[in-house]
**Student:** 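Below: one structure in structure tokens.
Everything quoted here is computed from the prediction, not taken from an experiment.
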Number of protein chains: 4
Amino acid sequence: MEQEELKKQKEEAIFQAALRVIKEKGFHKARMADIAAEAGTSYGLVYHYFGSKEELFEAIQRRWWGKLFELMKDPSESSLSVPEKLGRIIEYFLGTYHHNPELATIFITQISRSTTNLTPERLAHFKGFMEMTQNVIKEGQDQGLLRNDIPSRYLTYIFLGSLETFVSAMVLVDQKIKDTAQKNRIAKGILEVFLNGARNQTNK
Amino acid sequence: MEQEELKKQKEEAIFQAALRVIKEKGFHKARMADIAAEAGTSYGLVYHYFGSKEELFEAIQRRWWGKLFELMKDPSESSLSVPEKLGRIIEYFLGTYHHNPELATIFITQISRSTTNLTPERLAHFKGFMEMTQNVIKEGQDQGLLRNDIPSRYLTYIFLGSLETFVSAMVLVDQKIKDTAQKNRIAKGILEVFLNGARNQTNK
Amino acid sequence: MEQEELKKQKEEAIFQAALRVIKEKGFHKARMADIAAEAGTSYGLVYHYFGSKEELFEAIQRRWWGKLFELMKDPSESSLSVPEKLGRIIEYFLGTYHHNPELATIFITQISRSTTNLTPERLAHFKGFMEMTQNVIKEGQDQGLLRNDIPSRYLTYIFLGSLETFVSAMVLVDQKIKDTAQKNRIAKGILEVFLNGARNQTNK
Amino acid sequence: MEQEELKKQKEEAIFQAALRVIKEKGFHKARMADIAAEAGTSYGLVYHYFGSKEELFEAIQRRWWGKLFELMKDPSESSLSVPEKLGRIIEYFLGTYHHNPELATIFITQISRSTTNLTPERLAHFKGFMEMTQNVIKEGQDQGLLRNDIPSRYLTYIFLGSLETFVSAMVLVDQKIKDTAQKNRIAKGILEVFLNGARNQTNK
DNA sequence: AATGAATGAGCCTTCATTCAT
DNA sequence: CATGAATGAAGGCTCATTCAT
């Protein structure tokens, strides 16, 4: 048990070190040696826990997508309203940026836009997430909440784009989220602008 | 004269080859040898025209920013209305994506989000562009067109985010813009959603 | 212990291989690949132990200067007579040429005269050595052993010049020093000619 | 005629530019482009006058050796005394350093000690010069002027060594010779120290 | 489990040289 | 004569990965 525990701790230490280094240098310029040094171990050990640099990067992506998918597939999800559902997505982005800024930063700068190394698995994650979001948008259109004259796919782009670039801009200027209150204020702003912008005008 | 002309053509040919290769492989995996081969020239000639891989990349960025800044600093600009000004920015993104998709793609995937290699010059371009856009947004707020309860900086993020991610998503699924009509339709959608979303509600 | 020992041996093997290759081809034409091949190791290992070609060259220089400075700063040095002190310098040049001809050859052909790549550190070594030698010469002048009508700096040039070119000429014709007896004979000759030449004539 | 004159001027301009650049950067790091730029011409022209970098370097050496050999083979030479003959050699080194410091510097730093690129022709020059000098020394020994107990070859090393290192040291610290008076003083010092040092003691 | 010495493919870059104009 | 665009071989260096201890 203890052994197992220690092992996990070491693995997580390397994982977090990788986040920090990759955030700082980008995936390509981050060297395995850097990550090992940051974690305070030898670089043989990084290979012991994560098979290769590529697999390490995939583990990082799994961490991001895993939690997000967990959230969106949550059974209790279905009972929520469309604004609440969209709110939870915003919440996840901002929350992760708040609590694990490296992970959010890496998603924004290294995963989100990179068409390079776009493995089928990686693309599948994206499409899956887009699709789930689009379903929420569609639901809003069906309920007459959101305008129907713009394809749901476009609205999805706009919604996720606002969100992503918002975080992206904070990343760029290295702006931290101070507390939960600030986080909520920002979330409310993004959601409101989108809902107003996409509101079904005849429904006014 | 002819000489000068041919020289420029060769340089442009290498430039365009670089765009294609970098679009395909990303900046890091694009080899100078690939670019030379794609341009149908020798290895050394790329270095003759562009000093290094880094400088070649900088030339690409200059191309993007140069035209965009030209557009935004256009003297006739001041006589335009806020929605028209925002429309021109959208127009530039979509238009470039239409006519020089590689350039737009590279901006989205390699420049826009990459915090790596963020040279002071590169950062300055971004901040400059953000600032000019924010000034337009502010003008809209001052005119009572856009809501005042959200800081202009946040609205700027949301505006540019929608736009960027829109193009980004099209890049991701490799969706082409067929004709000017489609381009205008998309532009109108993005602008409308933003304007509605950011509209000053009391002004209704 | 054993490990550490083997490691040092490997490093020294590469060092000696570098000496042989650089002696043969000169610093510029010596390829890192040649050195690795000569040492019987892989390419990357040279970089593992010595950071770069330049650093490898600096390590060689350190070896030469290190031992020479050690000799000249030896506390027991002060009790020696001026001719004995000068004799030890000659001894070092000839002795190194005898026991580690590559090192001496490289000093003569690659370091001694090369104004190229004259890093401040390299220049400092030279000046330091010149200065220490000049102090010995000065001591000889103060004792009335050496003539005062020629500046000590000039005498230093002449002394070191004889010595250096002597070794240089042996290097050029690839003449080996057979045994200690021969070495001593040569040393005696150089020292005598200098002492006679520089002798204070009034002191005769 | 005029044409011929102009051509020679251009060629000499390139030659002098080469001297300056090679002095500054050393032969290996001196680029043909640098030399062309320094001469204010295109680099095609350097190839027009001198076939290759190697040949350019050989032209420089020819200039040095040519004048020196001319001097030593001068028919009037035979009537001079041994000290006068040695004096003329010293004179040549110091004089060249005075009037064409680049040429002397290049001889010292790039030609004199470099065992690399030691073409048979280059080696022949050296041996020829050494031999001629050694003949003068031998003459001095035969006349009872110089000691016989040290082989003439050794005395030659010592003589040329003093001279070479003297100039070398001045090169290293970039010390200029101010006027002819200073030059003569230095020449006299070198010659005297050698003659005293190598004097046949029984002859005193 | 942990270490880090050892490996070598890969890539950017330099620069002498050629040659069409 | 003069130019400088074009060529491509050569070599320094990086760094992911393996493996003996």
**Student:** Would you kindly compare D/H48 and B/G40 by the position of their nearest DNA chain F nucleotide and give the one closer to the 5′ end?
**Tutor:**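 Closest to the 5' end, via its nearest nucleotide, is D/H48.
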**Student:** Tell me which nucleotide among F/dA6, E/dA5, F/dA2 gets nearest to the side chain of B/L45.
**Tutor:**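 Taking heavy atoms from C-beta onward, the closest nucleotide is F/dA6.
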**Student:** What is the distance from CG of A/D34 to P of F/dT14, rounded to the nearest Å?
**Tutor:**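 Rounded to the whole Å, the gap is 12 Å.
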**Student:** Whole Å only: how far is the OH atom of C/Y49 from the C1' atom of F/dC13?
**Tutor:**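 Value for this atom pair: 18 Å.
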**Student:** With distance as the sole test, does A/K25 use its side chain to make a donor-acceptor pair with the main-chain N or O of A/R31 at under 3.5 Å?
**Tutor:**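 Checked: no pair found.
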**Student:** Is the backbone of A/Y49 close enough, under 3.5 Å, to the side chain of A/K10 for a donor and an acceptor to pair up by distance?
**Tutor:**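 No.
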**Student:** To the nearest Å, how far apart are B/E11 CD and F/dG4 C1'?
**Tutor:**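 Result: 14 Å.
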**Student:** Run the numbers on C/F15 and C/I60 for side-chain contact (heavy atoms from CB on, under 4.5 Å), then give the verdict.
**Tutor:** CA-CA 8 Å; C/F15 185 87; C/I60 292 173; 3.8 Å; yes
**Student:** B/I14 has an atom CD1; how far is it from atom C1' of F/dA5, in whole Å?
**Tutor:**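 Computing the B/I14:CD1 to F/dA5:C1' distance gives 10 Å.
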**Student:** Any non-hydrogen side-chain atom of A/F126 less than 4.5 Å from a side-chain atom of A/W65?
**Tutor:**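 Yes, close enough: below the 4.5 Å cut-off.
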**Student:** Whole Å only: how far is the CD1 atom of C/I35 from the C1' atom of F/dG11?
**Tutor:**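 So the CD1-C1' distance, C/I35 to F/dG11, works out to 12 Å.
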**Student:** Looking at C/Q110 and C/F27, would you say the former's side chain and the latter's main chain have a donor-acceptor pair under 3.5 Å?
**Tutor:**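 Checking the backbone N and O of C/F27 against the side chain of C/Q110, a donor-acceptor pair under 3.5 Å is found.
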**Student:** One character per nucleotide, please: for nucleotides 13-19 of chain E, 5' to 3', B when the base has a protein heavy atom closer than 4.0 Å, S when only the sugar-phosphate does, - otherwise.
**Tutor:** BBSSBB-
**Student:** Any salt bridge between C/E12 and C/R63, counting N to O under 4.0 Å?
**Tutor:**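 Salt bridge: yes.
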**Student:** Could you tell me whether the side chain of D/K23 and the main chain of D/P101 form a donor-acceptor pair under 3.5 Å?
**Tutor:**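 Looks like no, no N/O pair under 3.5 Å.
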**Student:** Based on Watson-Crick and G-U pairs with both distances under 3.5 Å, what dot-bracket line describes DNA chain F 5' to 3', crossing pairs as [ ] and inter-strand pairs as |?
**Tutor:** .||||||||||||||||||||
**Student:** Parallel under 30°, tilted from 30 to 60°, perpendicular over 60°: which one fits the rings of C/H28 and D/H28?
**Tutor:**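 Parallel.
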